[in-house]
Amino acid sequence: MNRRHFLRSCAALSALGAAEFAPWQAVGALAGELDNFVRGPAVKDHPLRQLSKHVWMIHSPDGFPTPENQGMMCNLSFIDTPRGLVAVDTGASVQIGEMAIRQLKKTFRKPVVAIINTHYHGDHFLGNQAFVEAYGDMPIHAHAGTIAEIQGMQGSMWRTLMEQWTNQATMGTRVVPPNVTVDHGQELKFGDVVLRLHHYGKAHTPSDICVEVVGDKLTCIGDVAMDRRIANMDDGSYAGSLKTYAQLEKNAPSTIWLPGHGQPGPGVLAWNRELFAGIYESCVKAVQAGQPMEEAKALVLRDPRVASRARDTKGFDSNIGKYVSLAYLEAEAAAF
């Protein structure tokens with residue numbers, strides 16, 4: 001048993017003794033205090049680097065959470081404005097958020113004044129706690145659907161999942177949901193820096209928000225597209241993602257697409273478009289021909305747009321079966 005497990009067990013036993021004599025209404029509050037009694041270790045520093053006039057990022061080199069990376073799997077982005085810094089996604093734990101704040105303080109003498117959460121997957125919002133604790137209450141912007149999901153099941157579910165996947169390295173993290181609703185076309189102004197928000201329906205999730213930094217030709221795209229990693233499509237749509245790429249290129253022309261996972265660059269949307277089109281269009285053909293899912297997978301793997309990307313795509317071999325099944329089910333539903 002490691003030290004964190006031991007301390008948590010001791011705390012739990014003490015609490016159970018106290019709870020036996022405590023009013024039932026206090027038990028819930030006591031359980032919450034227990035979760036914060038033992039905290040996971042600090043996350044090692046990851047450097048802050050500048051991408052454009054106003055945008056900086058902390059790159060996460062890993063695509064999936066492990067005990068070794070302590071959940072550090074999502075890029076964190078920061079927009080420098082005359083009113084302060086705006087964070088776009090905050091990481092998978094309070095520890096990751098605290099690491100980011102350490103890096104920001106090395107470069108800037110200004111606070112974080114607002115947060116934008118691009119969607120409701122935990123690696124993008126569980127770091128909110130650190131920023132609120134460091135800088136006080138602030139507007140945390142997100143689509144209405146994202147706010148509802150985080151306030152509901154997704155918030156507590158992702159908190160628990162991150163603890164499990166990292167061997168409790170993220171312990172001590174609280175769910176701090178977004179508190180300001182935003183939607184497509186809205187502009188957030190911070191002095192002379194304008195952030196234009198984009199939402200084109202269901203893509204990676206039903207409620208993704210992409211953040212265009214007007215004037216920088218850079219757009220933070222969250223997980224609607226990734227660099228050399230297939231996005232988790234359990235809550236998403238292949239057809240909706242392809243539509244979103246086309247609308248972003250039309251309405252937010254950028255020389256840098258900054259994804260939630262992988263390296264930023266001009267070709268992120270194009271790379272994802274080819275991969276997703278290869279998967280989805282092969283499944284559409286299989287459905288139209290009355291072929292079963294197994295044959296659809298064979299078609300997908302033979303498609304040159306997929307085959308050419310397989311070797312460089314993180315998690316490809318272990319996940320392609322699931323991604324084909326999701327695309328096949330979406331193609332079936334579209335056929336009716």
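- Relative orientation of the W158 and H121 rings is tilted, given thresholds of 30° and 60° on the angle between their planes.
- At distances below 3.5 Å, not a single donor-acceptor pair connects side-chain atoms of R228 with backbone N or O atoms of G262.
- Remark: aromatic rings of H119 and H143 are distant, center separation not under 6.0 Å.
- A heavy-atom distance below 4.5 Å is not found between the side chains of P47 and I58.
- Side chain of S282 to main chain of I279: no donor-acceptor pair is present (N/O by atom type, distance under 3.5 Å, no hydrogens or angles).
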Problem set entry | Chi angles and distances behind the side-chain hydrogen bond (donor to acceptor under 3.5 Å, both in side chains) call for N128, T90 | CA-CA 6 Å; N128 290 357; T90 57; 2.8 Å; yes
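- Under a 3.5 Å cut-off, the side chain of Q103 and the backbone N or O of M99 do form a donor-acceptor pair.
- Surrounding NZ of K322 are more than 12 heavy atoms belonging to other residues, nucleotides or ligands, all under 6.0 Å away.
- Ring to ring, F108 and W56 are close: their centroids are under 6.0 angstrom apart.
- At a threshold of 4.0 Å, the pair E98-R39 counts as salt-bridged, since one of the basic side-chain nitrogens sits closer than that to a carboxylate oxygen.
- Both F190 and L218 belong to a single network of hydrophobic side chains, linked directly or stepwise wherever heavy atoms of I, L, V, M, F, W or Y lie under 4.5 Å apart.
- With hydrogens and angles ignored, the 3.5 Å screen pairs a side-chain donor or acceptor of N69 with a backbone N or O of F64.
- For the residue pair N251 / Y200, a side-chain donor-acceptor distance below 3.5 Å is found, with atom types taken as modelled.
- Shown here for W257 and P266, the closest heavy-atom pair between the two residues is CD1-O, 3.5 Å.
- A donor-acceptor contact shorter than 3.5 Å is absent between the side chain of D312 and the backbone of R309.
- For the 3.5 Å distance criterion, the side chains of S93 and Q70 fail to qualify, holding no donor opposite an acceptor.
- To the nearest 0.5 angstrom, L195 atom CG is 8.5 Å from C220 atom SG.
- In this structure the side chain of V211 reaches within 4.5 angstrom of the side chain of L197, judged on heavy atoms.
- A salt bridge links K110 with D80: at least one charged nitrogen is closer than 4.0 Å to a carboxylate oxygen.
- Residues H261 and H59 keep their aromatic ring centres 6.0 Å or farther apart.
- A side chain to side chain donor-acceptor pair (under 3.5 Å) with H124 is found for exactly one of T146, N117, D223, namely D223.
- Not a single donor-acceptor pair under 3.5 Å links the side chain of D227 to the backbone N or O of V268.
- When only modelled atom types and interatomic distance are considered, N75 and S60 share no side-chain donor-acceptor pair under 3.5 Å.
- For the pairing with M138, the side chain to side chain contact (heavy atoms under 4.5 Å, CB included) check across V113, I115, V86 returns one residue only, I115.
- Across all their heavy atoms, P206 and Y120 have their closest contact at CD-OH, 3.6 Å.
- A salt bridge is absent between E212 and K217: the closest approach of a Lys/Arg side-chain nitrogen to an acidic carboxylate oxygen does not fall below 4.0 angstrom.
- Between D62 and K314 there is no salt bridge, since none of the side-chain N atoms of the basic residue sits less than 4.0 Å from a carboxylate O of the acidic one.
- Checked by atom type and distance alone, the side chain of H184 pairs as donor or acceptor with a backbone atom of H199 at under 3.5 Å.
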For this session: Show your working on side chain to side chain contact (heavy atoms under 4.5 Å, CB included) between T81 and H54 and close with a plain yes or no.
Result: CA-CA 7 Å; T81 84; H54 297 101; over 6 Å; no
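- For D317 and R311, the salt-bridge test fails: no basic side-chain N is under 4.0 Å from an acidic carboxylate O.
- With respect to E295 and K285, no salt bridge is recorded, no charged nitrogen being found less than 4.0 Å from a carboxylate O.
- A 4.5 Å side-chain heavy-atom check between L269 and N272 finds every atom pair outside the cut-off.
- Grouping the Ile, Leu, Val, Met, Phe, Trp and Tyr side chains by contacts below 4.5 angstrom, directly or via other members, places Y238 with V284.
- Residues L242 and V306 share a single hydrophobic cluster, defined by chaining ILVMFWY side chains whose heavy atoms lie under 4.5 Å apart.
- The main-chain N or O of T118 is found under 3.5 Å from a side-chain atom of D89 such that the two form a donor-acceptor pair.
- Under the 4.5 Å side-chain contact rule for hydrophobic residues, I147 and V176 do not share a cluster.
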Problem set entry | Derivation and outcome, salt bridge (Lys or Arg N to Asp or Glu O under 4.0 Å), residues R174 and E133 | CA-CA 11 Å; R174 292 187 293 109; E133 289 180 350; 3.4 Å; yes
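- A296 and C283 make their closest contact through CB-SG, 4.3 Å (heavy atoms, listed as atom of the first residue, atom of the second, distance).
- The backbone N or O of G40 sits less than 3.5 Å from a side-chain atom of Q95, completing a donor-acceptor pair.
- Judged by distance alone, the side chain of H141 and the main-chain N or O of A114 form no donor-acceptor pair under 3.5 Å.
- I116 has its side chain within reach of L188: a pair of non-hydrogen atoms, C-beta onward, lies under 4.5 Å apart.
- Hydrophobic clustering of Ile, Leu, Val, Met, Phe, Trp and Tyr side chains at less than 4.5 Å, counting indirect connections, unites I96 with F78.
- A cation-pi arrangement is absent between R229 and F316 under the rule of less than 6.0 angstrom and at most 45 degrees off the ring axis.
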